There are 2 protein chains.
Amino acid sequence: MSGTPITSIPDESLEVPTLARRSFDSIKSDIINGQLAQGTKIVESDLALKYGISRGPLREAIHRLEQIKLIVRIPHAGSRVVTLDVKMMQDIYTAREALEGMAARLAARLMPDADIEALSMLLNQHSENINETAGKAYLQREGDIDFHYRIALASENRWIQQNLHGELYQLIRMCRHQSGQFPSRAQTALDQHRQIANAIAQRDEELAELLMRRHISGAWEIVKKILEDQND
Amino acid sequence: MSGTPITSIPDESLEVPTLARRSFDSIKSDIINGQLAQGTKIVESDLALKYGISRGPLREAIHRLEQIKLIVRIPHAGSRVVTLDVKMMQDIYTAREALEGMAARLAARLMPDADIEALSMLLNQHSENINETAGKAYLQREGDIDFHYRIALASENRWIQQNLHGELYQLIRMCRHQSGQFPSRAQTALDQHRQIANAIAQRDEELAELLMRRHISGAWEIVKKILEDQND
DNA sequence: ATCAGCATTATTGTTGACAATTAATGAGCG
DNA sequence: CGCTCATTAATTGTCAACAATAATGCTGAT
């Protein structure tokens, strides 16, 4: 559909699937798509039983989930699935704006011409998808992820990559998944993506960063409204 | 010395000192100040023996150190103390520039007048310290940390706070500590701090962010030169 | 002498039992 | 009847033994 990324983030992918890692992935999915509801209490022995492993590796998985903020741990009192409130999501979007803005700037500086070309092709594909799948938000969602993913890659900054993909995107995906369908906004987003890609193609670092930050803070305004409406 | 911060980061501080946490802190110190040299192989049983605990909690400590990137783990082959190279430090300073620039922007928007006043007083104190302790970089170092700490607090963004203090500063401290004494630069830094504080006082978000980013990228240029000189 | 294959060893991954701490429940007293 | 305190139950923290895996060094053949 979207073509595989030109390069991949070096880490995390080909690691040995240890029990801790497997359960980490499973629990992560369960949290993100809501099968483990927000605020659910995590009892180690229960989960260990559920996944058919002992508490040792499961503990490791929980600690890692805590690190990427999908789980909060009160010292001796146990762990709970994180509860996403408006303030937390605002913090996350703000941090994302800073980091991804910087990533766009770096991309404008560093992205190889061939990859810029590929990025442009990708946007053309997305453009077609919008017409074909009008209404179906899923593919557009994937496209959005793919675009931002490539920008982060092009930044060649591992710290930014890891935090964007390892942590921030997970929380945003979780928020999105559990807030029902969002208004499509696909055309607007695509237009903005085009502008950003153009800025990168012209090696205009300043503009690329500016546009990316607007793009993200605009997305936050939408999300914010939805979250606030839900609480009323 | 510097007066206690007006508010403190809510997390991490008053937690129950469990074995895992204690050994985490110990090892972290050892790594940062170089008693565990860069690239040292970490053998779980050895360290467990050294700290007089069993491998369980020690493992937890290692995992957390891995999360804040003080330790790198090759799947089955064992863990090593991170080796700081120029590229990694550049990534870290770049990320810091993005995040702390945003923190300065938020501070200009949100910092209470009383805290801005206190920040100004703090800089006066530092100014005196420069004359008194000319040559002794330690106090100025602490002052620098204190300043940046308050900006991060004033951002009221927990994600930014946690990543700045929990991860980026640790790595920077480690780099600094192991690269011998840096040229003082205290007066320059203080001047820049003043300008930033002024921008915040005038609620000029744009300027606050801009100055903070310049301040940090300027610091990186210095550090970069030192690191590159060492490798030749 | 060098390389291939195998055995050994060192180290990590995993487990179940045990200890310590916290939260809950119920009894006793005001 | 409500509050406090003690006892109990549940859950997390810790430990030491066991299993599995990967690196290392040895042996032997070419």
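Computed from a predicted model, the values in this text were never measured in an experiment. Protein chains get the first letters and strands the later ones, always in sequence-line order, with residue 1 at the start of each.
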Worksheet item: Side-chain N or O of B:R73 less than 4.0 angstrom from OP1 or OP2 on C:dT11?
Response: no

Item to complete: Quickly work out the A:L19 CG to C:dT14 P distance and round it to whole Å.
Response: 4 Å

Fill in: Spacing between B:R59 atom CZ and C:dG13 atom P, to the nearest angstrom
4 Å

Worksheet item: Between D:dC15, C:dG13, C:dT15, which nucleotide has the shortest distance from any of its atoms to the side chain of A:S54?
Response: C:dT15

Practice prompt. Round to the nearest Å and state the distance from B:R21 atom CZ to C:dT21 atom P.
Written response: 16 Å

Practice prompt. Answer yes or no: is there a donor N or O on one side and an acceptor on the other, between the side chain of B:D91 and the main chain of A:R158, under 3.5 Å?
Written response: yes

Worksheet item: For A:E60 and D:dT14, what is the distance between atoms CD and P respectively, to the nearest whole Å?
Response: 16 Å

Practice prompt. Round to a whole Å and report the spacing from CG of B:L58 to C1' of D:dG13.
Written response: 14 Å

Practice prompt. Could you tell me if the ring centre of B:H126 sits under 6.0 Å from that of B:H193?
Written response: no

Worksheet item: B:H165 side chain to B:Q161 main-chain N or O, any donor-acceptor pair under 3.5 Å?
Response: yes

Discussion item. Under a 3.5 Å distance rule, please check whether A:R213 uses its side chain to pair with a backbone N or O of A:G101 as donor and acceptor.
Written reply: no

Fill in: Rounded distance in Å - CD1 (A:I53) to P (D:dC18)
22 Å

Worksheet entry | Any residue of residues 39-51 of chain A with a heavy atom less than 4.0 Å from an atom of DNA chain C | none

Worksheet, complete the sentence: CZ (B:R55) and CD1 (B:I53) are apart, to the nearest 0.5 Å, by 11.5 Å

Worksheet item: Is the base of C:dG13 touched by the side chain of B:R55 through a donor-acceptor pair closer than 3.5 angstrom?
Response: yes

Fill in: Contacts of type side-chain hydrogen bond (donor to acceptor under 3.5 Å, both in side chains), residue A:Q35, not counting sequence neighbours
none

Fill in: d(CD1, B:I62; P, C:dT11) in whole Å
13 Å

